[in-house]
There are 2 protein chains.
Amino acid sequence: MSATKKVSTRGRPRAFDKEEALAKAQALFHAKGYDALSVADLTEAIGINPPSFYAAFGSKAELYGAALKRYEEKEGLDISGALAPDRPLDEGVATLLRQAADNYGSGAAPGCMVIEGARGTADQQACSQARRMLDMSRAVIDAAIAGREPERAELITDYIMMTMAGLSASARNGVPAERLRAIAAIASTQLSHHIEGIAPKGTKQ
Amino acid sequence: MSATKKVSTRGRPRAFDKEEALAKAQALFHAKGYDALSVADLTEAIGINPPSFYAAFGSKAELYGAALKRYEEKEGLDISGALAPDRPLDEGVATLLRQAADNYGSGAAPGCMVIEGARGTADQQACSQARRMLDMSRAVIDAAIAGREPERAELITDYIMMTMAGLSASARNGVPAERLRAIAAIASTQLSHHIEGIAPKGTKQ
DNA sequence: CTTTTTTTGTAGCGCTCATTACAAAATCCT
DNA sequence: AGGATTTTGTAATGAGCGCTACAAAAAAAG
């Protein structure tokens, strides 16, 4: 079934489950961040030695990239679903922010792994990997909004990205999920009033 | 005038200006973060050698603490002024968020040094120093709001902290000051709509 | 069996980090 | 002048980092 499963190869078989190890690594990267998590931490958590680690994952940065991809696939928000073109825009934004609050506040590690990884401190390669993913998410949001509010798409997207980053930071600072939801509710209620209210003539001011 | 200025001490005089060095260190910590800035970077920027560095500032973490303090004094927001009790609350919040947008988006380094430092990755001591300052700022905001909206103080403070963190993150992600101001404008109108809209009973409208 | 291929564990590489011994240099006090 | 005291530059410390050489071990292929 799984397309990536090698059934029979030559040589000594791997003594650990690679997907399982990736899952562990992703959780650790999410919880501790790229810099604070050492290869020694990873190999110890997985239960392997450095050579097995590098044979399987290439490098710490490569594994981080794979972990980011896995995170987005397994735990990422459903942006396209929330902002589907057949739903009112303000309702879609509210759904998206509510999803973010739930997602960032629950689960093993608080906050968004991509958003937090994108402001990486030390390692530039790891940071830019997360930045690229964040930029792509922004592009998806922007495209969904540009279909309905082409004049104010950048502003609305800016506002959504700001709010998601703020929710992620608040989650990291220990604000529990229910309070995050209440914050997200403020951020999204009557957003349409604001959008329609500030510049009703369609001018960019 | 200056109370901390030692005019005449014994021993060989220091060959560099300590306050000037602190200013440089604060700017560098703000721009690059604690982890990504090494002691070697600092001594090179100041133009001194490690022993002079440690004699003057104690340690990297101590210098970071002094830099945080200096940042708050010289570049911090005027929270008490913005949320002064003689002004309408929504107007005060709008002023505060507008200040944050201006502050985070302009100047040498983007974002808030305290907010960004509070989610430090590797060094726990540095992170908790920034966290403590952030908690104190939150307490000031919370106290100013509790005087007017005791029932919803936590929620409103949560929302303001989330927005400031989001603005700081957006600034770090390259959003320019004028767009930050537009985002902050949406955020503050959202809040006043919500405050007036949800519970009009017995409180100021 | 032998050969080939891959993974394994041990042990260590070079590097950067924050920090410090040490002695010479520069200033004040007597 | 002659200590006393503090800063200076040189050089190195131990610890941790990401990463790898190497040879033994385990499987398939001949």
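Every chain is numbered from 1, with letters handed out A, B, ... down the list of sequences.
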Quick check against the 3.5 Å criterion: does [X] have a side-chain atom that pairs as donor or acceptor with the backbone of [Y]?
{"X": "B:Asn49", "Y": "B:Ser52", "value": "no"}
{"X": "A:Ser168", "Y": "A:Cys112", "value": "yes"}
{"X": "B:Asp41", "Y": "B:Ser38", "value": "yes"}

Please figure out whether B:Gly11 or B:Gly47 has its closest DNA chain D nucleotide nearer the 5' end. B:Gly11
Atom pair distance, as rounded to whole Å: [atom1] in [X] and [atom2] in [N]:
{"X": "B:Ile48", "N": "C:dT19", "atom1": "CD1", "atom2": "C1'", "result": "14 Å"}
{"X": "B:Lys18", "N": "D:dT8", "atom1": "NZ", "atom2": "P", "result": "11 Å"}
{"X": "B:Tyr34", "N": "C:dC17", "atom1": "OH", "atom2": "C1'", "result": "11 Å"}
{"X": "B:Glu44", "N": "C:dC17", "atom1": "CD", "atom2": "P", "result": "11 Å"}
{"X": "A:Asp17", "N": "C:dT7", "atom1": "CG", "atom2": "P", "result": "14 Å"}
{"X": "B:Ile46", "N": "D:dT7", "atom1": "CD1", "atom2": "C1'", "result": "15 Å"}
{"X": "A:Leu37", "N": "D:dG18", "atom1": "CG", "atom2": "C1'", "result": "12 Å"}

Is any side-chain nitrogen or oxygen of A:Arg14 closer than 4.0 Å to OP1 or OP2 of C:dT7? yes
Examine A:Lys60 relative to A:Tyr54 and say whether NZ or CZ is less than 6.0 Å from the centre of the six-membered ring and inside a 45° cone about the ring axis. no
Whichever of B:Pro13 and A:Phe16 has the more 5' nearest nucleotide on DNA chain C, that residue is A:Phe16
Reading DNA chain C from 5' onward, which residue's closest nucleotide shows up sooner: B:Ala40 or B:Arg12? B:Ala40
Mind running a 4.0 Å heavy-atom check of residues 19-32 of chain B against DNA chain D and sending the residues that fall below it, in number order? none
Mind telling me whether B:Phe29 and B:Tyr64 have parallel, tilted or perpendicular rings, with 30° and 60° as the class edges? perpendicular
For A:Arg179 and A:Ser170, which I'm curious about, is there any donor-acceptor pair between the side chains at under 3.5 Å? no
Result of checking A:Arg70, A:Arg14, A:Lys24 against A:Glu19 for salt bridge (Lys or Arg N to Asp or Glu O under 4.0 Å): A:Arg70
For DNA chain C, the residues among residues 51-71 of chain B that have a non-hydrogen atom under 4.0 Å from it: B:Pro51, B:Tyr54, B:Ser59, B:Lys60
If you compare all heavy atoms of A:Ala171 against all heavy atoms of A:Gly111, which two are closest, and at what distance to 0.1 Å? CB-N, 3.6 Å
